[in-house]
Structure formats: structure tokens, C-alpha cells
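Data block below; observations after.
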Amino acid sequence: MADVAAKARKILVAVDESEESTYALSWCIENIFTGGNTNDALILLYSIAPRAVYSSLDGTGYLFSSDILATMERYGNDVAQCVMEKAKRLCKDLDGVKVEKIVERGDARDVICQAAERLHVDMLVMGSRGYGVIKRAFLGSVSNHCAQNVKCPVLIVKKPKTNGSSK
């Protein structure tokens, strides 16, 4: 009987500046990519928040010059590059796994859901900041939105609390 190669998996990991995101990526590397399937692909996705549009017509009088807008654009790109380099370093020991970096601009909820659909990933892995009910109501939950809207399985990795308690 001929050996059948394991099906290649495409795992999308949403990364950002947070400790929770770093923890989720580390957890994914340690727990999902342990089988040694060299056909697997790990896709790192970072979403640069869209620029806010300001107008002097809204009564506030704020209007940004092109220099300020260019500086804001560079800053967003620099942050994205730093996050991706840190994520890539975490992946350095993944033998045989193809690691791809994608940076897109837009609301993280939409960017992640659209990328999961477009790339036909087998799983989406995300960190959770663990907002309570009130904060989640005001700020929204990217992981909750994605879990409700993508078609593939979603693994939300919550970083354990480090306050010294036994739980």
C-alpha cells in the first residue's frame, strides 16, 4: 500500500502589536505545526488601520497637510514591518513550512474575513484581548466578528492570566 502524503494545510494567523497576538502565534507554532508536514503553509496577516478622514467642514477646523498624512502613512507601514519581522522571527524554526507575510490596509475585521475567504485557508488563528462585556460592546471584538463571519474553523487563543493565581 502506497503512503499517502498528508494534505497540505493553509493556516492564517492574524497578527498585530499585542502580546495576545504574539502568544497566539507562538501557541499555533508549538501546537499546530508539530506534525512535520512540509506541505503546510503559515500565512501571517497584518491589517494597517485605515486613515481617518478629516474635513474642515465638520466644524472642528482640523485639516491635515500632505506632510502629516505622509508621516502617518510611513508610521503605519513601519509598525506593520516591525510586527511582521517579530512574527517571522517566531517562525524561524518551522522546518519545511512555507511562511508568507501579507499586509493589507483596512478595518481588521473586514481584512481578516476577506483574506480567509480569498486564500481558502483551512483555519484562522487569532489572539483574544479578553475584553469584558462593556469594553466589547463599545470597542467591538475582532475575534468574535471573524468567528461569526468566516467559513473556515476559527481558533481563538486566549493568553493565560499571569497574576499569580492558580487558575
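Please read all numbers here as calculations on a predicted model, not as lab measurements. If you read the sequence from its start, that first residue is 1, and numbering goes on from there.
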message: Does Val103 form a side-chain contact (heavy atoms from CB on, under 4.5 Å) with Met84? I'd like the steps, not just the answer.
response: CA-CA 8 Å; Val103 176; Met84 287 307 224; 3.9 Å; yes
query: Has Gln81 got more than 12 heavy atoms of other residues, nucleotides or ligands less than 6.0 Å from its CD?
result: no
statement: In short, salt bridge (charged side-chain N to carboxylate O under 4.0 Å, His left out) pairs touching residues 77-91 with sequence neighbours left out are Glu85-Lys101
With the side chain counted from C-beta on, respond yes when [X] and [Y] share a heavy-atom pair under 4.5 Å apart, and no when they do not.
X: Glu17; Y: Val79; answer: yes
X: Val125; Y: Leu12; answer: no
X: Ile29; Y: Cys91; answer: yes
X: Tyr23; Y: Ser18; answer: no

Closest approach of [X] and [Y], non-hydrogen atoms and distance?
X: Leu42; Y: Val97; value: N-CG1, 4.0 Å
X: Val154; Y: Cys146; value: CG2-O, 4.2 Å
X: Val15; Y: Tyr46; value: O-CD1, 3.2 Å
X: Ala147; Y: Ile156; value: CB-CD1, 4.2 Å
X: Ser21; Y: Ala14; value: OG-O, 3.6 Å

- prompt: Should Ile43 and Lys10 be marked as a side-chain contact (heavy atoms from CB on, under 4.5 Å) after you check the CA-CA gap, both sets of side-chain angles, and the distance that decides it?
  reply: CA-CA 7 Å; Ile43 304 165; Lys10 286 170 62 173; 4.2 Å; yes
- prompt: What's the verdict on side-chain contact (heavy atoms from CB on, under 4.5 Å) for Met123 and Leu155, showing C-alpha distance, side-chain angles and the deciding distance?
  reply: CA-CA 7 Å; Met123 180 186 296; Leu155 176 63; 4.1 Å; yes
- request: Evaluate the criterion side-chain contact (heavy atoms from CB on, under 4.5 Å) for residue pair Leu44 and Ile102; output intermediate values, then yes/no.
  value: CA-CA 6 Å; Leu44 305 170; Ile102 299 174; over 6 Å; no
message: Please enumerate all residues that pass side chain to side chain donor-acceptor pair (under 3.5 Å) together with Ser143, with sequence neighbours excluded.
response: Ser141
query: By side chain to side chain donor-acceptor pair (under 3.5 Å), which residues pair with Asn77, not counting sequence neighbours?
result: none
Could you give the distance from [atom1] ([X]) to [atom2] ([Y]), rounded to the nearest 0.5 Å?
X: Glu30; Y: Asp93; atom1: CD; atom2: CG; answer: 10.5 Å
X: Lys98; Y: Leu94; atom1: NZ; atom2: CG; answer: 14.0 Å
X: Asn144; Y: Met126; atom1: CG; atom2: CE; answer: 9.5 Å

Side-chain donor-acceptor pairs under 3.5 Å in residues 68-75, sequence neighbours left out?
| from | atom 1 | to | atom 2 | distance (Å) |
| --- | --- | --- | --- | --- |
| Thr71 | OG1 | Asp67 | O | 2.9 |
| Thr71 | OG1 | Arg74 | NH2 | 3.2 |
| Glu73 | OE1 | Arg51 | NH1 | 3.2 |
| Glu73 | OE2 | Arg105 | NH2 | 2.8 |

- prompt: Of all residues at least two apart in sequence or in a different chain, which pass the salt bridge (Lys or Arg N to Asp or Glu O under 4.0 Å) check with Asp110?
  reply: none
Once side-chain contact (heavy atoms from CB on, under 4.5 Å) is applied, do any residues pair with [X], and if so which ones, sequence neighbours excluded?
X: Glu19; value: Lys159
X: Val111; value: Leu45, Ser47, Glu104
X: Ala49; value: none

message: Between Asp122 and Arg9 (salt bridge meaning N to carboxylate O under 4.0 Å), is one present in this structure?
response: no
message: So does Thr22 get a backbone contact from the side chain of Ser26, meaning a donor-acceptor N/O pair under 3.5 Å?
response: yes
message: With side chain to side chain donor-acceptor pair (under 3.5 Å) as the rule and sequence neighbours excluded, what pairs involving residues 146-155 come up?
response: His145-Asn149
